[in-house]
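Taking it in order: structure first as structure tokens, then the write-up.
Lettering of chains follows the sequences in order, A, B, ..., and the numbering in each one begins at 1. Nothing here was measured: the structure is a model prediction, and the numbers come from that model.
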Amino acid sequence: MTIDSQQKTSKFRWGEMDEDDDFDFLLPPKQVIGPDENGLKTTIEYKFNDEGNKVKITTRTRVRKLASARLNKRAMERRNWPKFGDAANEEAGSHLTMVSTEEILLERPRAPGTKADESKATGDGLSQLGKGGAVLMVCRICHKKGDHWTSKCPYKDLAAPTDVFIDKPPTGESSTMSAAPGTGKAAYVPPSMRAGADRSAVGSDMRRRNDENSVRVTNLSEDTREPDLMELFHPFGAVTRVYVAIDQKTGVSRGFGFVNFVSREDAQRAINKLNGYGYDNLILRVEWATPRPT
Amino acid sequence: MTIECVNPEGLRFNQMKSSSHQTLETRMRPILMKGHERPLTFLRYNRNGDLLFSCAKDHTPTVWFADNGERLGTYRGHSGAVWCCDISRDSSRLITGSADQTAKLWDVKSGKELFTFKFGAPARSVDFSVDDHLAVITTDHFVGTSSAIHVKRIAEDPEDQVGDSVLVLQSPDGKKKINRAVWGPLNQTIVSGGEDAAIRIWDAETGKLLKQSDEEVGHKEAITSLCKAADDSHFLTGSHDKTAKLWDMRTLTLIKTYTTVVPVNAVAMSPLLNHVVLGGGQDASAVTTTDHRAGKFEAKFYDTILQEEIGGVKGHFGPINALAFSPDGKSFSSGGEDGYVRLHHFDSNYFNIKI
């Protein structure tokens with residue numbers, strides 16, 4: 001530095017400054033407010049930005065100890081062991097170990113059969129919903145509120161399945177379930193979808209009504225997948241199912257997919273909002289999956 | 001009254017809800033460790049829980065730091081798939097059993113090979129005794145030899161190590177592999193389980209067969225894995241018959257059974273809570289009907305006493321072959337056919353799970 005610090009406040013001689021000199025002395029010093037009880041550390045720095053203006057940069061970081069294990073003495077020693085074998089030549093940037101990008105849940109078992117016997121206590125999100133939102137549980141068959149879900153309706157027989165599954169190609173009979181025909185159908189039907197399979201009794205009621213709230217999304221980009229659609233659509237309401245058609249050979253999306261909402265109004269709002277929405281450089285087309293209901 | 005809030009598609013409901021409601025799910029960000037090119041066969045933590053050892057069908061057992069998954073080193077020397085390993089109590093010695101018909105003793109810190117026990121057949125399972133002075137090694141059936149359990153003395157000083165067996169126990173059905181053999185309480189007994197679906201307890205000194213599991217209540221197909229409780233009073237076996245069974249270590253009475261839908265390849269017991277974890281493969285008949293969503297293979301958690309499933313942790317791209325709980329019960333790792341080791345640290349919700 002050619003400039004004496006005493007001259008900080010007064011004008012200095014531009015002519016005597018080298019091009020490479022920093023003007024840091026003009027700036028207030030950096031301030032670090034140490035980690036407080038929440039672990040928040042605030043660092044205040046001053047810099048000159050590209051236009052030569054003085055800017056104040058405040059950085060707030062949370063200092064957190066990961067896996068604060070009380071390691072015993074031997075474990076601490078082992079931490080400092082030199083690497084050996086194949087690890088000896090490794091630089092720190094090797095990607096053998098990485099934290100998963102997905103958050104993994106300990107998913108509670110979903111088969112309704114087993115759940116019937118368990119009385120879920122407070123530990124689970126679903127039960128939270130049950131307590132707070134008991135009114136939300138309306139059975140569509142007997143219209144009793146807060147008692148049971150549609151699939152658990154004791155009066156299941158009342159609901160004659162009037163809806164025909166429109167999407168499926170007609171099989172020559174008015175099939176009430178999507179995969180009722182066992183014989184005479186050329187395509188392979190997995191056991192879970194065949195007539196008499198456990199799942200059909202449970203899933204079809206809910207599923208059929210959901211498919212009236214099914215929304216078709218087209219003009220998706222190649223690498224769009226189910227999680228992306230879920231993320232895009234769930235702000236509008238409860239989504240039961242997302243599906244993206246994927247070309248088996250190449251693994252890319254075929255450009256369209258379906259989203260099933262629990263409620264029709266949510267589906268309608270999603271259509272209104274997202275039709276024409278730009279997503280991943282393509283303009284989405286969002287509409288009802290089935291022929292438009294009046 | 002408790003309300004049954006069951007949605008058949010409960011899974012989706014949960015996920016979708018998480019954005020709008022405060023849920024009490026256990027969320028984890030597992031650490032993925034891809035150090036092995038071939039399927040994993042075994043995982044074990046050291047006694048202090050700061051090191052995790054992984055064995056795989058590639059010939060190199062690897063040691064990782066258990067808190068962040070960073071690799072510490074590999075043990076080079078085997079020329080066949082490594083089936084099992086055990087670590088001495090002070091974490092200074094590692095013993096591994098391999099398909100190259102040897103079991104090797106290693107120095108944990110340097111990776112140096114200290115001794116090789118040669119057998120006439122692939123070595124399948126190894127286990128140190130309580131004082132690390134003995135090791136039990138099982139060997140498969142091979143040309144000329146039947147499957148057997150060997151007890152070797154482990155010398156304090158590797159220089160003094162000799163390869164002689166103190167005791168050799170022949171399996172009644174020499175052609176069936178003995179997949180796991182462990183020491184019983186106070187090294188008085190050896191417990192073994194294998195392909196013939198029977199669990200046997202042998203006297204460790206005389207080699208006499210003391211007990212055999214009852215065929216009616218026992219497993220119906222090959223036993224693939226065995227895990228001792230922290231206090232050695234009971235143990236858990238997993239089998240291809242899609243169940244895992246909890247047995248009393250002394251009397252060999254069946255205490256509990258846990259059923260699942262896939263053949264069980266690996267079992268583990270939590271040292272902290274009453275949880276049992278099963279990891280398995282995919283039933284052959286289900287291969288054409290399951291959809292090929294990646295990461296579907298899961299480690300299933302069961303309540304030990306109620307025998308009911310608490311949940312599953314998905315993520316592996318292939319059947320799970322190895323499971324291990326850290327000694328403090330706050331994390332667990334799973335190794336799969338896909339060559340990945342996934343290390344999960346539980347979040348606080350896990351410890352509050354109620355059925």
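Heavy-atom distances place both the backbone and the side chain of B:Ser91 under 4.5 Å from chain A. For B:Asn46, the part lying near chain A is the side chain, with the backbone staying farther off; criterion is any non-hydrogen pair under 4.5 Å.
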What verdict does the side chain to side chain contact (heavy atoms under 4.5 Å, CB included) test give for B:Arg71 and A:Asp86, after you've listed the backbone C-alpha separation in whole Å, the side-chain angles of each residue and the deciding distance to 0.1 Å? CA-CA 9 Å; B:Arg71 186 166 73 165; A:Asp86 294 336; 3.9 Å; yes
Passes side chain to side chain contact (heavy atoms under 4.5 Å, CB included), A:Arg74 versus B:Arg47? Steps please. CA-CA 11 Å; A:Arg74 302 258 171 263; B:Arg47 195 173 179 84; over 6 Å; no
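Legend: residues meeting side chain to side chain donor-acceptor pair (under 3.5 Å) with B:Thr243, ordered by chain and number and at least two apart, are B:His219, B:Asp241. A search for ring-ring contact (aromatic ring centres under 6.0 Å, His included) contacts involving B:His344 returns B:Phe332, not counting sequence neighbours.
Annotation for B:Lys112: atom NZ does not count as buried by contact number, only 12 or fewer foreign heavy atoms lying within 6.0 Å. Annotation: A:Arg225, atom CZ; neighbour count of heavy atoms from other residues, nucleotides and ligands within 6.0 Å is above 12. The environment of B:Gln307 atom CD is dense: over 12 non-hydrogen atoms of other residues, nucleotides or ligands sit within 6.0 angstrom. Within 6.0 Å of atom NZ in A:Lys273, 12 or fewer heavy atoms from other residues, nucleotides or ligands are found, so the atom counts as exposed in its surroundings.
Comparing B:Pro30, B:Gly111, B:Gly69 by heavy-atom pairs within less than 4.5 Å of chain A, the highest count is held by B:Pro30. Among the candidates B:Tyr75, B:Tyr340, B:Phe346, the residue making the largest number of heavy-atom pairs closer than 4.5 Å to chain A is B:Tyr75. Highest contact tally toward chain A, considering only B:Thr60, B:Leu32, B:Ile31, is held by B:Leu32 [criterion: heavy-atom pairs under 4.5 Å].
Nearest heavy-atom pair across A:Ala87 and B:Gly73 is CB-CA, 3.8 Å.
A 4.5 Å side-chain heavy-atom check between A:Arg79 and B:Asp67 finds at least one atom pair inside the cut-off. In this structure, the side chains of A:Phe84 and B:Leu72 come closer than 4.5 Å at one or more pairs of heavy atoms.
With salt bridges taken as basic N to acidic carboxylate O contacts below 4.0 Å, none links B:Lys109 and A:Glu77.
Remark: A:Ile104 CD1 to B:Arg29 CZ distance equals 9.0 Å, nearest 0.5 Å. Here the CH2 atom belonging to B:Trp64 is positioned 5.5 Å from the CG atom belonging to A:Leu96, to the nearest 0.5 angstrom. Distance CE/A:Met76 to CG/B:Asp50: 10.0 Å, rounded to 0.5 Å.
Between A:Arg78 and the choices B:Leu51, B:Val63, B:Val108, the side-chain contact (heavy atoms from CB on, under 4.5 Å) rule is met once, by B:Leu51.
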